[in-house]
Visitor: 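Structure incoming, see below.
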Amino acid sequence: MADVELHNIVKTYNKGEVKAVNDVSFSVNEGELFGLIGADGAGKTSIFRILTTLLLPDSGNASVSGFDVIKDYKNIRSSVGYMPGKFSLYQDLSVEENLNFFASVFNTSVKENYDLIKDIYVQIEPFKDRRAGKLSGGMKQKLALCCALIHRPKVLFLDEPTTGVDTVSRKEFWEMLKRLKQQGITILVSTPYMDEATLCERIALIQNGKILSIDTPDEIVKQFPENLFAVKANDMSKLLNDLRKNNEIKTCNAFGEFHHITFQNDNENSHNELIHILQKANHQNIELKHITPSIEDCFIKLMN
Amino acid sequence: MRTLKFLLQKEFKQIFRNKALLPLIFVVPIVQLLILPLAADYEVKNINISIVDHDHSTFSRNLISKITSSGYFRLADYSNSFQSAFNQIESDKSDLILEIPQGFEKNLVRENEQKLFIAVNAINGVKAGLGGAYLNQIITAYNADIRLQWFQSDKFNTAPVITVASSNWFNPFMNYRFFMVPGILVVLVTMVGAYMCALNIVKEKEAGTIEQINVTPIKKYQFILGKLIPFWIIGMFVFSVGLFVVARLVYGIVPVGSLLLLYGYLSIYLIALLGLGLLISTFAETQQQAMSVAFFFIMIFMLMSGLFTSLDGMPQWAYIIAKCSPVTYFIEVVRMVVLKGSGFSDIKNHFVIMIGFAVLLNGLAIWNYKKTS
């Protein structure tokens, strides 16, 4: 059964000038870890705000746990957890006070649902008397997650939870999400980081308010239509220029250590020819290898 | 009810933890109440006077000593040329010129009549008006003295004279502070209420916490009440401290009328005022915006509510604006109850109007709050 459903949701700002969400439809199954992947300004936060009843869509309809976001907004508010991208707990209350406050407004207590947040809370417990504003970034994140979970929500909305968080904390955070998923909580998470996409069960790639593709990360990678190659040489910036000038090369993008390329006519001949041309152009230590595309490659492919 | 209790608990915790806000709420109003009434005094003293004496006679010297001993005037210059006195005015060393003509004594004795010339620097209207009036009074008294000396034997007045005896009711010694302190107290309560309430809600907007609150089952009315009640209590507290500690102990003002009536009115007034704060907070996105808008209203309230100037003396348009401000009514009520001891029947209309303000401002605020979210 689908826990979150969107049908043709449209949201515009500035009286229709800016189309933030453009005819978006997708559904998230119960107990699923669903990722919304897209660059800044793609419309991720707008979708989240519509689903958490903070924003009214211009048209289309959506439901969360079977409740309509417009008509049954009260039911949604008491059954979902929302963690906004910006830390928005009371900075002048302590860790414990924040947690108690959010527990009590949901008519529950910390004790009642302690088992759910225990794994996360023990990490911030040593600082429970510290004001929330004085916590480090990672700690704030954990506290915000605790507060969003304290009423045992059916659906958890996490808006860019790992933006601005260090690599180790990011990894930890995803571990926590996996454990929460085991508790049967449906999780909808948005992120601008492509490497996190593979950690979700299903992802939706979104750009300029439009969904580009929805599938499991593996399936999206499989759908990449061409063979992808990685090229490397000593002078990488000259290599990029030379590759882009070459008519045989269909696409070429810089990817850290390597440049990822696809060929117009993909065969053994063209590969050898390319190496030949590059050698002629005075490139040294040329390396060309076939690779499986990443989500980022697929995203760039879909964007163009 | 349970949710509201937790909201209030949270609100008070936050207020008492805010080290910058706490003195603003509790100390600043008291300091202001101690300082402002001393400064807002209509009695003008230390008016600088330049006297141009062309006569140098006993009479002229008598007149000068009368003027300088009155306590209102300070002799800035004594000369015998008008030009030098006028230079004093031009360089702002003097506010008034009194010119005593040549032959002042001679003509007064011989011809029973003399003219004096007064020139006033009218840049500061209040000082000019009062200075001129004081000087006229002194000269009139001086004139009466001379007449008394000369016509002592005259037992019966030849011409009928009306003597007016006046007594000042409710404030027998015309103590200016009795009039100002209650009014200033009202303005202080107004500032604490309107500013704090507006800023507090906007702060939640700025910090994004209102988003988090909106995704909880907390109802709008609970959230609004959770914001209004703490500041209502603080308003009551500030007013009480002002009335019982500062006004009574420092200025010796004991309310003549019923305290119950005063507090009854205060409680409605605070609801109206907090409604204004709430209304401002629905329009403002940042604390800076809220502050600027609140400042605009407070300025109008301060200057147009009959605190410093009489309402009856205002032009018609200004009078209408003054009547649209809730502060005007509360200042009137406080003065009536504290100084005059007015009862409920005297301020019945004020009650009705204030309830109207409370309903209107809060209604608008809630309507706009719904619309924007």
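All chains are named by letter (A, B, ...) in the order of the sequence lines, taking the proteins before the strands, and each is independently numbered beginning at 1.
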Visitor: For residues A:Asn107 and B:Arg2, report the shortest heavy-atom separation together with the two atoms involved.
Guide: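 Result for this residue pair: OD1-NE, 3.3 Å.
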Visitor: Any chance you could measure B:Thr209, atom OG1, to A:Lys86, atom NZ, to the nearest 0.5 Å?
Guide: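 Going from the OG1 atom of B:Thr209 to the NZ atom of A:Lys86 covers 8.0 Å.
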Visitor: Less than 4.5 Å to any heavy atom of chain B: does that hold for the side chain of A:Tyr73, its backbone, both, or neither?
Guide: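 A:Tyr73 has no heavy atom closer than 4.5 Å to chain B.
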Visitor: Taking everything shown except B:Phe26 itself, do over 12 heavy atoms lie less than 6.0 Å from its CZ?
Guide: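 Counting neighbours around CZ of B:Phe26, more than 12 heavy atoms of other residues, nucleotides or ligands fall under 6.0 Å, so yes.
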Visitor: Within the supplied structure, the quantity of interest is the number of heavy atoms (other residues, nucleotides, ligands) at a distance under 6.0 Å from B:Leu249 CG; does it exceed 12?
Guide: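 Yes, the 6.0 Å shell around CG holds more than 12 heavy atoms from other groups.
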Visitor: Taking CZ in B:Phe295 as the centre, count heavy atoms belonging to other residues, nucleotides or ligands within less than 6.0 Å. Is the count above 12?
Guide: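 At most 12 heavy atoms, drawn from other residues, nucleotides or ligands, come within 6.0 Å of this atom.
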Visitor: Within this structure, what is the CD1-CG distance for the pair B:Ile213 and A:Leu89, rounded to the nearest 0.5 Å?
Guide: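 Output value for this atom pair is 9.5 Å.
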Visitor: Anything in residues 111-142 of chain A with a heavy-atom distance to chain B below 4.5 Å? Please list those residues in order.
Guide: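 The residues closer than 4.5 Å to chain B, in numerical order, are A:Arg131.
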Visitor: Any idea which of A:Ser78, A:Ala144, A:Ser104 has the most non-hydrogen atom pairs under 4.5 angstrom with chain B?
Guide: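 Max contact count across the listed options: A:Ser104.
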Visitor: Taking side chain as C-beta onward, heavy atoms only, is B:Gln212 less than 4.5 Å from A:Pro84?
Guide: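 Yes, side chains in contact.
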Visitor: Starting from the C-alpha separation in whole Å, work towards a yes-or-no answer on side-chain hydrogen bond (donor to acceptor under 3.5 Å, both in side chains) for A:Tyr90 and B:Glu204.
Guide: CA-CA 9 Å; A:Tyr90 290 100; B:Glu204 296 239 1; 2.6 Å; yes
Visitor: Select, from A:Met83, A:Gln91, A:Glu97, A:Arg49, the one with the greatest count of heavy-atom pairs under 4.5 Å involving chain B.
Guide: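 Max contact count across the listed options: A:Glu97.
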Visitor: Can you see which heavy atom on B:Phe6 is nearest to which on A:Phe101, and at what distance?
Guide: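 Closest heavy-atom pair between B:Phe6 and A:Phe101: O-CE1, 4.0 Å.
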Visitor: Working to the nearest 0.5 Å, report the span between CZ of A:Arg77 and CG of B:Asn214.
Guide: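 Those atoms lie 5.5 Å apart.
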Visitor: Counting only non-hydrogen atoms closer than 4.5 Å, can you tell me which residues of residues 7-20 of chain B sit against chain A?
Guide: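 Only B:Leu7, B:Lys10, B:Lys13, B:Gln14, B:Arg17 of residues 7-20 of chain B have a heavy atom under 4.5 Å from chain A.
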Visitor: Is there a side-chain contact between B:Val215 and A:Val80, using heavy atoms and a 4.5 Å cut-off?
Guide: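 Yes, at least one pair of side-chain atoms sits under 4.5 Å.
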Visitor: Examine the side chains of B:Glu211 and A:Tyr82 and answer whether a donor and an acceptor come within less than 3.5 Å of each other.
Guide: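 A:Tyr82 and B:Glu211 do not have a side-chain donor-acceptor pair below 3.5 Å.
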Visitor: Closest heavy-atom contact between B:Thr3 and A:Val105?
Guide: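 The answer is CG2-CG1, 4.4 Å.
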